[in-house]
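The chains referred to below are lettered A, B, ... by the order of the sequence lines, with proteins before strands, and numbering in each begins at 1. The figures here come from the full heavy-atom set of this structure, side chains too, leaving out hydrogens, waters and symmetry mates. Quick caveat, the model's predicted, so the values are computed rather than measured.
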There are 2 protein chains.
Amino acid sequence: MGVIRGARERARAEVTEAIKDEARTQVLAEGAARLSLRAVARELGMASSALYRYFPSRDDLLTALIVDAYDAVGMAAEQALDKSGPAGTVQEWIAVCQAVRRWALAHPHEYALIYGSPVPGYTAPSDTVGPASRVVLVLFSIAASAHAAGVLEVSTETDVSADGIGPDARQLVRESGHDLPAAAVPGLAAVWAQLFGLLSFEVFGRFDRVVDARDDLFDRAVLDLAHQAGFRP
Amino acid sequence: MGVIRGARERARAEVTEAIKDEARTQVLAEGAARLSLRAVARELGMASSALYRYFPSRDDLLTALIVDAYDAVGMAAEQALDKSGPAGTVQEWIAVCQAVRRWALAHPHEYALIYGSPVPGYTAPSDTVGPASRVVLVLFSIAASAHAAGVLEVSTETDVSADGIGPDARQLVRESGHDLPAAAVPGLAAVWAQLFGLLSFEVFGRFDRVVDARDDLFDRAVLDLAHQAGFRP
DNA sequence: CCAAGAACGAGAGCAGTGCTCTTGCTTCGG
DNA sequence: CCGAAGCAAGAGCACTGCTCTCGTTCTTGG
């Protein structure tokens with residue numbers, strides 16, 4: 001994010017943003033699969049070929065949207081954690097979960113973009129791993145402060161222990177700067193996955209006409225997950 | 001599934017199956033979004049227009065694959081329940097979860113087809129609700145026998161109770177023929193969603209380089225979910 | 001200050017897609 | 001046996017992602 005020097009770079013930044021905006025409204029209206037470069041260009045009054053000066057391919061445009069979405073949900077989680085203050089581990093956990101849920105329900109298509117099935121041959125570019133881990137870092141932060149306060153119960157069983165975690169998880173814990181026992185990671189990952197299972201079912205309409213009291217259902221499950229994560233209030 | 005009368009109907013059934021087979025291998029190889037009617041027709045040595053005699057549109061072909069996938073995972077779950085026999089509620093639950101997981105890991109693209117993000121403007125046709133509920137009925141069956149044995153603990157709290165469940169859930173419980181208290185449904189739905197959260201994270205590669213001991217992680221989480229579902233061994 | 005060169009927009013074009021329509025041919029049922 | 005229905009094939013339409021070329025415009029080094 002360097003300073004914009006000339007008029008040309010300024011124009012380029014503006015056009016880039018306009019393309020992303022239009023693409024976002026298309027994704028919002030029709031879903032990611034129906035995103036069309038030509039339609040974006042048409043709506044912006046430019047030739048479709050000109051768009052390739054800004055994004056080398058359709059997938060790159062999608063990646064830009066994915067990064068933005070990760071940043072949005074990550075920011076929502078971070079703000080929820082900040083606002084909840086030092087209100088106890090479980091309270092922080094609840095606040096973050098509810099913030100993520102609010103964001104997901106308000107932006108279903110963007111949620112699908114990042115937490116739905118990965119697109120065809122699409123393998124997440126390295127640009128996305130940073131923004132994607134923002135929301136994981138929030139979870140680490142909660143768990144670390146719980147650990148510091150002595151209210152994090154880490155499973156000492158041998159089956160799921162520190163040996164079972166991978167290099168990316170180790171690196172993320174190290175870079176987070178938090179004092180978090182590695183043995184806590186598998187449990188947190190499991191809880192994390194289950195949380196997004198709840199969100200996916202709700203966002204993708206699998207609870208429609210099945211469960212009406214979804215707020216209560218979610219709050220209850222989040223409490224159970226807090227217990228499962230080892231947060232002892 | 002009526003009896004095939006003439007040679008013509010037999011040929012039609014065969015061609016229909018061949019189209020589905022080829023489509024399945026394409027989905028397996030490239031994912032659902034890259035499924036191309038023309039490519040299927042090309043591979044089968046027929047004109048693309050001829051394919052429309054068998055499937056009115058690409059979405060209908062996809063729907064047929066989705067129904068098959070639902071049936072496959074439903075059958076896997078049913079067989080696991082049958083084979084586990086009357087071995088106790090938690091054992092049955094574990095067996096079914098592991099069977100579903102095995103199927104999901106063996107058929108990632110088909111899993112994405114049914115439990116990933118719904119395709120663009122695609123709203124699930126009514127053909128899919130029947131096969132989709134097969135696997136849910138397995139869960140109901142486990143819970144009902146647990147209830148009969150007196151080892152199902154149903155939350156008596158007022159927040160998530162029988163009032164919060166929707167018409168489809170009521171109908172499914174009624175049609176299942178099982179004696180299952182309606183108040184148990186929300187908890188089961190939550191546990192169900194969380195199970196598929198675990199599966200989705202694993203199938204979609206979100207645990208790659210993060211958690212290595214995925215078998216143990218899954219088994220441990222399934223046990224926690226059994227507890228959360230109210231299965232008291 | 002001005003010319004070389006990079007960045008840019010537009011258009012044509014290629015190969016692919018879903019889908020429709022028309023044209024013949026085959027098979028079935030009255 | 002003959003009309004009707006089912007079927008395969010081809011041409012064609014509108015659309016897609018993407019590439020290449022050709023002028024134009026802006027930036028910048030000498």
In whole Å, I'd like the distance from the [atom1] atom of [X] to the [atom2] atom of [N].
X	N	atom1	atom2	result
Ile19(B)	dA8(D)	CD1	C1'	12 Å
Glu9(B)	dG6(D)	CD	P	10 Å
Gln26(A)	dC15(D)	CD	P	14 Å
Met46(A)	dT25(D)	CE	P	17 Å
Glu43(A)	dC15(D)	CD	C1'	16 Å
Leu51(B)	dC7(D)	CG	P	13 Å
Arg38(B)	dT17(C)	CZ	P	7 Å
Arg34(B)	dT17(C)	CZ	P	11 Å

NA contact type, [X], heavy-atom cut-off 4.0 Å: base, sugar-phosphate, or nothing?
X	value
Leu35(A)	sugar-phosphate
Leu44(B)	nothing
Phe55(B)	nothing

query: When you match Ser48(A) and Ser57(B) each to their closest nucleotide on DNA chain C, which lands nearer the 5' end?
result: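 In this pair, the answer is Ser48(A).
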
- request: Could you tell me whether the phosphate oxygens of dC7(D), OP1 or OP2, come under 4.0 Å of any side-chain nitrogen or oxygen in Tyr52(B)?
  value: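 Indeed not, no polar side-chain atom of Tyr52(B) lies that close.
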
message: For a quick test of reading the model: is some side-chain N or O of Arg42(B) closer than 4.0 Å to OP1 or OP2 of dT17(C)?
response: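 Yes, within the criterion.
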
task: Report yes if a donor N or O on one partner sits less than 3.5 Å from an acceptor N or O on the other, where the partners are the side chain of Arg53(B) and the base of dG6(D); otherwise report no.
output: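 There is none.
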
task: Answer yes or no: side-chain N or O of Ser49(B) and base N or O of dA8(D) forming a donor-acceptor pair under 3.5 Å.
output: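 No, the side chain and the base share no sub-3.5 Å donor-acceptor pair.
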
- request: Decide yes or no for Val191(B) and Trp93(B): does some side-chain heavy atom of the first lie under 4.5 Å from some side-chain heavy atom of the second?
  value: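 They are in contact (side-chain heavy atoms under 4.5 Å apart), so the answer is yes.
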
- prompt: Should the pair Tyr115(A) and Tyr70(A) be assigned to parallel (<30°), tilted (30 to 60°) or perpendicular (>60°) ring geometry?
  reply: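 Ring orientation of Tyr115(A) relative to Tyr70(A): perpendicular.
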
Whether Trp103(A) and Tyr111(A) hold their rings parallel, tilted or perpendicular, with breakpoints at 30° and 60°: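 Aromatic pair Trp103(A)/Tyr111(A) classed tilted.
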
Closest approach of Gln194(B) to Leu225(A) (non-hydrogen atoms, all atoms of both residues):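 It is OE1-CD2, 3.2 Å.
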
Between [options], spot the one nearest the side chain of [X], thanks.
X	options	answer
Ser36(A)	dT16(D), dC18(D), dG18(C)	dT16(D)
Arg12(B)	dG17(D), dA10(C), dC7(D)	dC7(D)
Arg58(B)	dG18(C), dT19(D), dA9(D)	dG18(C)

message: Is it the case that the side chain of Ser117(B) and the backbone of Ser117(A) share a donor-acceptor pair, with hydrogens and angles ignored and the cut-off at 3.5 Å?
response: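 Confirmed, Ser117(B) side chain pairs with Ser117(A) backbone.
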
